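Take a look at the structure set out below.
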Amino acid sequence: MPVKPLALVALLAAGCSAAPPPSFTAALTSPTDVVLSWPDDGNGHRVEYANDPAGPWTTLRFLAPHVTTYHHPDLIPETPFHYRVRPFTGPVSTELHVVAAGDTVTFTWPDRTPDEAGFLLEIRRPGAPDYDPVEVTEPNATSCALSLLPGEAGSAFRLRTLYYGPLSPVVHQTTGKER
């Protein structure tokens, strides 16, 4: 028997509406590959995993703003993987000093903030349109060194003061049997 319009209005008024889409998901794309997805909130994100929901948590990657997926490939078969993401923001510094010696680049900067979670060094490789996170420091750091990889000579760098937003809910997938 079809629901009459008045009954549908009563159900909606009573809080019986369709659930909103999940904000953070983990999907198996093969027995041993997981793809994480979340909505674009304009922030960068730190992606973490653990094999137990209580941790310990391991950082997989810092992702640039507007990146909304992460592929975690070639995982151990028949193993639980728990994931969470944490947004990050922060202003870009104009006081980054760079000294290159061979393939090693040393960066220094003044620490003018008392409450940062650390600093995030970002690289824009030759021909790339955007910056990608490449190194994270502890709070109150004022230097770091980076060994350049092949193709990174001539890259541009910038430093971001790092502040974290709230952690996402934890999502989980258990990998399948190896093929």
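Everything numeric here is computed off the predicted structure, so don't read it as measured data.
Taken to the nearest 0.5 Å, the NE2 atom of H66 stands 5.5 Å off from the CG atom of D40. The CZ atom of R158 sits 8.0 Å away from the CZ atom of R124 when rounded to the nearest 0.5 Å. The structure places OG of S155 at 13.0 Å from CD of E122, a figure rounded to the nearest 0.5 Å. Here CD of Q173 is found 9.5 Å from CG of L36. Values are rounded to the nearest 0.5 Å.
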Q: Might you work through the side-chain contact (heavy atoms from CB on, under 4.5 Å) test for S147 and D103, ending with a clear yes or no?
A: CA-CA 6 Å; S147 294; D103 288 340; 5.6 Å; no
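Within the 3.5 Å criterion, the main-chain N or O of P80 finds a donor-acceptor partner in the side chain of N51. With T161 contributing its side chain and G90 its backbone, the two residues share no donor-acceptor pair below 3.5 Å. Checked by atom type and distance alone, the side chain of W38 never pairs as donor or acceptor with a backbone atom of S168 at under 3.5 Å. Between the side chain of D111 and the backbone N or O of T113, at least one donor-acceptor pair lies under 3.5 Å.
Y49 and F24 fall within a single hydrophobic cluster, where Ile, Leu, Val, Met, Phe, Trp and Tyr are joined by side-chain heavy atoms under 4.5 Å apart, directly or via other members. With hydrophobic clusters built from ILVMFWY side chains whose heavy atoms lie under 4.5 angstrom apart, L60 shares a cluster with L63. Y131 and V47 are members of different hydrophobic clusters when ILVMFWY side chains are connected at heavy-atom separations under 4.5 Å.
Contact check for E95 versus P110: side-chain heavy atoms found under the 4.5 Å cut-off. Using a 4.5 Å heavy-atom threshold, the side chains of V34 and L75 count as touching. Counting only heavy atoms from C-beta outward, the side chains of N43 and H45 approach each other to under 4.5 Å.
Other residues sharing the hydrophobic cluster of L146, ordered by chain and number and joined by side-chain separations under 4.5 Å: L96, V98, V105, F107, W109, F119, L121, I123, V134, L148, F157, L159. Other cluster members for W57: V170, joined by side-chain heavy-atom distances under 4.5 Å among Ile, Leu, Val, Met, Phe, Trp and Tyr. Under a 4.5 Å side-chain heavy-atom criterion applied to ILVMFWY residues, the cluster that includes F88 comprises F62, L120, V136, L162, Y164 as well. Clustering of Ile, Leu, Val, Met, Phe, Trp and Tyr by side-chain heavy atoms under 4.5 Å joins V92 with none of the others.
Between P65 and G42 the shortest heavy-atom distance is CB-O, 3.5 Å. Looking at every heavy atom in both residues, D41 comes nearest to P87 through OD2-CB, 4.1 Å. T69 approaches S37 most closely through the heavy-atom pair CG2-OG, 3.7 Å. Residues T68 and P39 share a closest heavy-atom pair of CG2-C, 4.0 Å. Nearest heavy-atom pair across G151 and P126 is O-CD, 3.5 Å.
The list of side-chain hydrogen bond (donor to acceptor under 3.5 Å, both in side chains) pairs with a residue in residues 72-81, not counting sequence neighbours, reads H72-Y83.
The neighbour count for I76 CD1, taken as heavy atoms of other residues, nucleotides or ligands under 6.0 Å away, does not exceed 12.
With sequence neighbours left out, the side-chain hydrogen bond (donor to acceptor under 3.5 Å, both in side chains) criterion links R61 to no other residue. Scanning for ring pair (Phe, Tyr, Trp, His ring centres under 6.0 Å) contacts around Y70 gives an empty result, with sequence neighbours left out. Listed by chain and number, the residues in a side-chain hydrogen bond (donor to acceptor under 3.5 Å, both in side chains) with D33 are H71 (sequence neighbours excluded). Every residue two or more places apart in sequence or in another chain was checked for a side-chain hydrogen bond (donor to acceptor under 3.5 Å, both in side chains) with R86, and none qualifies. Residues meeting the ring pair (Phe, Tyr, Trp, His ring centres under 6.0 Å) test with H82, sequence neighbours left out: H172. Partners of E138 by side chain to side chain contact (heavy atoms under 4.5 Å, CB included), not counting sequence neighbours: none found. Residues satisfying the side-chain hydrogen bond (donor to acceptor under 3.5 Å, both in side chains) criterion with D115, sequence neighbours excluded, are Y163.
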